[in-house]
Amino acid sequence: MLEIADTTRPSAFSGGPMISVRDVRVSFTGREILHGITFDVQRGETLVILGGSGSGKSTLLRTLVGLEKPSSGEVWIAGKNFFAISEAERNEIREKIGMSFQGGALFGSMTVGENVALPLREHTKLEDSTIDIMVRLKLDQVGLSGYEQYRPSQLSGGMRKRAAVARALAMDPEMLFFDEPSAGLDPIIAAGIDQLILDLKQAFRMTIIVVTHELASAFLIADRMVLIDKGDVVAMGTVKEMQNSTHPRVRQFMDRVPEPAVAQELDYLQMLTEQQPKQGSPSPGKGR
Amino acid sequence: MEFARKVGVAVINALSYVGALASLAGRAAFAAFVGPFLGRPVRFQSAVAQAMEAGVRALPILSLITFFIGLILALQAAYELHRFGALNYVPAAVAISMSRELGPLITAIVVIGRSGSAFAAEIGTMKVSEEIDALQTMAIDPVHFLVTPKFIAMVLMLPCLTIWANSMGMLGGSLFGVLQADFTWTRYIHASLEALFLRDIVTGLIKSFMFGVTITAVGCLEGLSTGGGAEQVGRSTTKAVVVSIFLVILVDLVFTTLFFFLGAH
C-alpha cells in the first residue's frame, strides 16, 4: 500500500475530509463484496476509483449514496455519519450529491428538459419560468443546448451521458459521482466527457468521485486514485505515485497485463467455487 | 418432518409477501394522505395520466367483454328458467350476478391484463435501467413518485369501470331478452333495476375498490423487486398477472364471505 490508511475518526467537518469511508464491508446474500474499504476524499478533490470488472468499485459508489447498505463500517459525508442518521437527513445530504449512472438512467417517459427539471421541481419552490432557465443553463453547460424537447431514446449514447450529467448538476451539488462515465463510448466522445469533468472541476471546485477502468481518462482527471481489486483497496495515491508504483497488482493494471490463463484444474475449480485463490495465484475477477 | 418444514416455509413466504404488499399500500396511502401536509404534494398530473390509461382506455375492450358476459349469463339463466316458464326472471338473474360478482371480477381481470402487467413492466424496466436508483439518489421517494399516483388512479377508476361493466352486462342481457324473451328494451331495463338493491351494487363497488388496491400493490411490488436484466422484467410481468388474478379471487372470496355473514345477502 502506498499510503497507510488513516483509521482515526474523521475530524469535525469544518476542515476534515468531504467524504470519509471507514472500514466499509458490503455483502450480497452472504457473500462479501467489499472487505473493509477505507479512504478519504478531500473537499474539491477528484478521486478516481479504479478497478477491473467485478472488483466491487461500482458497489462502493452505490454504497456512498446509500443504494447499498454496508454490513459494517461507516461512511461520513459532509461531517455526518451517513448510515447512522435518519432517512430525512440522508436525503438532505443526497441533495448535495449529483450522481451520473453508467447508462445515464434518464427517465424514458420524460423529455431531456423534464429530466433535468425533475430535482428542481421536487426539491425547490421555484417558478416554472425560473426552472426553464436553469434547465437551459445546465444543458448549455454540458453542450446540449436546444435538446430540451428530445426524448432520451432520441439521443446518442454520449449525449445521453451528458444529459445525465446535466441532471446531476441541476441542484448545484457540492459532490459529483460518476459511474463509468466513458463506458460504451467511442474515444472521441469519451474524451469529451473527460473534458466536461475537468471543466466542472475547475469551474466549481466540486468534490468528484469517478469510478472507471479506463486508465487514460483516469490519469487525465484524477488528483488521487484508489485501485480496488476483489473488494480490497490495493493501492492509493496520486497519479504520479500510481504510475511509479512497484506493487505487482498495480503494475499489472497499469501495464495492462492479462490475467494468466487458468493452467490447472484446481485453479479453475477454485474460480468456480468462488473461493479466494491462494496467495500468489491470482484468478480472473468475476462479474457481480 | 421435511413436508411440514416445506409447508411452514411456504406459509411464511406467503405471509411475508402479503406483508410486503400491505406495507407498499400503506406507504402509498401515507404519501397520498399525509405527504401533502409534510410539503410533498401528490403528483396529480401523473395520477390523471394513469387514470386515463388504466380507466378510460380500458373502456372499449371492457365494454365488449362485459356485453358478451351479460349475453352469456342471460343465455345460461334462460336455459334453466325457460323450463319453468320463468323467462321474465332473466333480467334479475343477469343484473344481480353482474353487480354482485361478475362486473367487479371481469373488470379486475381486464385491468390486471392491461394495467397490472404494465405497472410491473414499467417499474421493472426502470429498475433494470437504474432509474429507480436515480430517483433515490435524487432524494425522491420512488413510492411517492411512482406508486402513489397509480394507487390513486386505480382505486378511483376500478369502481367507475365496474359501474360501467355492470351496465354493459345488463345491456348484453337485454339483447337476449328483446330477441328471445318478448321483452321490450324499456321493460327489460325496468325489470333489471327493480331486481337490484343498493347493497348489491355497493358490495360490488367495495370489492372493486379492494381489487384496485390489490392489483396496484402486486404490479408495483413485482416491478420494484425486479432483478437485473431484461428477462427479469418479463418474469416480473408474468408473476404480477398470475399473482394478481389469484389474490383478486382470494379477496373476492373473503369479502363475499364477509358480506354473507354481515347480512348483506
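All values reported here derive from a predicted model rather than from experimental measurement. A, B, ... follow the sequence lines: proteins, then strands. Residue 1 opens every chain.
Only the backbone of B:Ser129 comes within contact range of chain A, with heavy atoms under 4.5 Å apart. Neither the backbone nor the side chain of B:Arg40 has a heavy atom closer than 4.5 Å to any heavy atom of chain A. For A:Ile93, no part sits under 4.5 Å from any heavy atom of chain B, backbone or side chain. Both the backbone and the side chain of A:Gln102 come within less than 4.5 Å of a heavy atom of chain B. For A:Arg167, the part lying near chain B is the side chain, with the backbone staying farther off; criterion is any non-hydrogen pair under 4.5 Å. Only the side chain of B:Met126 comes within contact range of chain A, with heavy atoms under 4.5 Å apart.
Of all the heavy atoms in A:Leu118 and B:Met138, the pair that sits closest is CD2-CE, 4.2 Å. Closest approach of A:Glu122 to B:Ile140, counting heavy atoms only: CG-CD1, 3.6 Å. When every heavy atom of B:Ala139 is checked against every heavy atom of A:Arg94, the shortest pair comes out as CB-CB, 4.1 Å.
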### Task
Kindly determine whether A:Met99 and B:Glu130 satisfy side chain to side chain contact (heavy atoms under 4.5 Å, CB included), including the steps that lead there.
CA-CA 11 Å; A:Met99 170 108 174; B:Glu130 292 184 307; over 6 Å; no
#### Entry: Trace of the side chain to side chain contact (heavy atoms under 4.5 Å, CB included) decision for B:Thr137 with A:Phe101
CA-CA 10 Å; B:Thr137 57; A:Phe101 285 85; 3.7 Å; yes
### Query
For A:Asn91 and B:Asp141, what are the C-alpha separation, side-chain angles and deciding distance, and is it a side chain to side chain contact (heavy atoms under 4.5 Å, CB included)?
CA-CA 10 Å; A:Asn91 278 340; B:Asp141 177 15; over 6 Å; no
### Task
Could you give me the CA-CA distance, side-chain angles and deciding distance for A:Arg90 and B:Gln136, then say whether side chain to side chain contact (heavy atoms under 4.5 Å, CB included) is met?
CA-CA 11 Å; A:Arg90 252 198 299 279; B:Gln136 269 171 301; over 6 Å; no
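For B:Tyr17, the OH atom sits in a packed shell: over 12 heavy atoms of surrounding residues, nucleotides or ligands are nearer than 6.0 Å. Atom OH of A:Tyr147 is surrounded by 12 or fewer heavy atoms from other residues, nucleotides or ligands within 6.0 Å.
Annotation: residues 204-214 of chain A contacts chain B through no residue [non-hydrogen atoms, separation under 4.5 Å].
Remark: A:Gln154 engages no residue in a side chain to side chain donor-acceptor pair (under 3.5 Å) (not counting sequence neighbours).
Applying the salt bridge (Lys or Arg N to Asp or Glu O under 4.0 Å) rule to pairs touching residues 12-26 of chain B yields nothing, sequence neighbours excluded.
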Got a list of side-chain donor-acceptor pairs under 3.5 Å for residues 126-137 of chain A, not counting sequence neighbours?
residue	atom	partner	partner atom	Å
A:Asp128	OD1	A:Arg121	NH1	3.0

